Protein chains: 2
Amino acid sequence: MNFSGNIGSLGKKWGNAVAHHVGEDIRSLRKTRAMTLAQLAGAAGRSVGWLSQVERGRTTPSVRDLEQLADLLDVNISFFFRSSRRAPEEQGLVLRAADRPTIGSDETGLVEELLSPTLSGSFEMIRSVFAPGASSGDPRKARPTEDGGVLISGALTMWIGETEVHLSPGDSFQFAGAPYAWRNDGSEPAVVIWVVSPPIY
Amino acid sequence: MNFSGNIGSLGKKWGNAVAHHVGEDIRSLRKTRAMTLAQLAGAAGRSVGWLSQVERGRTTPSVRDLEQLADLLDVNISFFFRSSRRAPEEQGLVLRAADRPTIGSDETGLVEELLSPTLSGSFEMIRSVFAPGASSGDPRKARPTEDGGVLISGALTMWIGETEVHLSPGDSFQFAGAPYAWRNDGSEPAVVIWVVSPPIY
DNA sequence: AAATGAAAAAATCATTAGATTTTTCATTTT
DNA sequence: AAAATGAAAAATCTAATGATTTTTTCATTT
């Protein structure tokens, strides 16, 4: 099935591509939050059938509805349009540096940007920047995920399970389901490419 | 069960830690290659019980046997000792930049180094450096894996499925089971942090 | 064209039995 | 003393089944 067509003076491909990507995002976000169509639709005051159609791009939600869904899924509505200025065929495949959404905790001293262009993958990639002097505080409770990363620049101390490690640029780590904490004792930001599987967003 | 003890003038922890890590590596490599104990043990001319014990660090293979196994598993024997100079508690958790083994294809113009400190994870991280002017040739046959990556520096053109994309530093990509090809048209090496799930080594 | 509600279809989940793979361990070998 | 074997025991994996839940479809209404 191909719902795309050529519309517009420059021959740019359109169609319901945007609605389609928005729908996929909603579905992936809903799944990672372990909600059913009935739960999310109920919370949004809409029917199950409607949400099913929205998620598959068969119908277009109103902006009001989308706002509501974004709220329930705990993302900003702009999240759904992060790649909308790019060529349709690269959406969901590539995420440009300029389009990366900020995600996750508002923990001071940590900025996390999503690198994964698709939310439907089996892992997510994140670019984390740890500010000089910042730290995570107490070890985080272990999540049922597997984490890994590479330190690109700066320096970072991590506590993973019982172990304290001092990371230098190029050092990498990987662990499953262990509580961890971090602190940046250096004078420059520490940049880590982080991988989480399965994704949590 | 704890087989570790304090031996040595500096109180450094030892025990059968090395044998244990070697065994885990053998097991993981065997699994990614979809071999049973019987198949690998048979090919190595040893019994199933023996290999089971080696993989769990209950017995120590001879260097001759380990060489044989490395050969059958298509890694260099030094691979098993990549982190052996590090503190035991960080082995399998952290891989230092200086210890990264070179892996995979000897495709000209591509150097791949393993970033994952453990082989038993659900994904593997790789640092790939694409030489200026180099290319992959024809699209690779799709593997039953999911791939993702971030371009750290340089420039890279990729063909993923039907789509051609020009990547700049900071751009990221992710795709599942699609054939892909690449070419570095720039004048400097292109460095990519690459993720593959499940791991293939 | 969006939205609903209910029927139909599809996907998911829990069991279970059978087959395969791995671990254990008493014994033999080096 | 530790490595190695071989066979019994345990654990894991597979495939099939039926029940349950979830999702899709579609005729009808807004």
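Just so we're clear, the structure is a prediction, and the values are computed from it rather than from any experiment. Chain letters run A, B, ... following the sequence lines, proteins first and then strands; every chain starts at 1.
- Of all heavy-atom pairs between A:P189 and A:V129, the closest is CB-CG1, 3.7 Å.
- Side-chain N/O atoms of A:S47 include none lying less than 4.0 angstrom from OP1 or OP2 on C:dG5.
- When both distances must be under 3.5 Å, the Watson-Crick or G-U wobble mate of C:dT16 is D:dA15.
- The base-pairing partner of D:dT29, taking Watson-Crick or G-U wobble contacts with both distances under 3.5 Å, is C:dA2.
- Using a 4.5 Å heavy-atom cutoff, the side chains of B:F173 and B:V165 are not in contact.
- As rounded to whole Å, 7 Å separates atom P of D:dT22 from atom CD of A:Q39.
- Relative orientation of the A:Y180 and A:W194 rings is tilted, given thresholds of 30° and 60° on the angle between their planes.
- The 12-atom threshold is not exceeded at CG of A:D74, counting heavy atoms of other residues, nucleotides or ligands nearer than 6.0 Å.
- Nucleotide D:dG6 holds its C1' atom 15 Å from the CZ atom of B:R46, rounded to whole Å.
- At distances below 3.5 Å, not a single donor-acceptor pair connects side-chain atoms of B:R46 with backbone N or O atoms of B:L51.
- A distance-only check finds no donor-acceptor pair linking the side chain of B:S52 to the backbone of B:V48 [under 3.5 Å].
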**Item:** Footprint string (nucleotides 23-30 of chain C, 5' to 3'): B base within contact, S backbone only, - free, heavy atoms under 4.0 Å
**Value:** BBB-----
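- Regarding contacts with the backbone of C:dA1, every side-chain N or O of A:T60 stays at 4.0 angstrom or more from both OP1 and OP2.
- Heavy-atom distances under 4.0 Å link DNA chain D to B:D65 of residues 63-74 of chain B, given in residue order.
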Can you give me every donor-acceptor pair (side chain of residues 148-163 of chain B, partner residue at least two apart or in another chain, under 3.5 Å) with its distance?
from, atom 1, to, atom 2, distance (Å)
B:T157, OG1, B:H166, ND1, 3.2
B:W159, NE1, B:E164, OE1, 3.4

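- Each salt bridge (charged side-chain N to carboxylate O under 4.0 Å, His left out) pair with one or both residues in residues 149-159 of chain B, not counting sequence neighbours, would appear here, but there are none.
- A:D171 places no side-chain N or O within 3.5 Å of a backbone atom of B:R96 that could act as its donor or acceptor partner.
- Contact between the side-chain N/O atoms of A:T36 and the OP1/OP2 oxygens of D:dT22 is not found at any separation under 4.0 Å.
- Sequence neighbours left out, the pairs with a member in residues 114-126 of chain B that pass side-chain hydrogen bond (donor to acceptor under 3.5 Å, both in side chains) are A:E146-B:S122, A:Q174-B:S116, B:T118-B:S120.
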Quick test: give all pairs of protein nitrogen or oxygen and nucleotides 8-14 of chain D nitrogen or oxygen below 3.5 Å, distance rounded to 0.1 Å.
none

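- Side-chain nitrogen and oxygen atoms of A:S62 include none within less than 4.0 Å of the OP1 or OP2 phosphate oxygen of C:dA2.
- Nearest heavy atoms, A:L37 versus A:R30: N-NH1, 3.3 Å.
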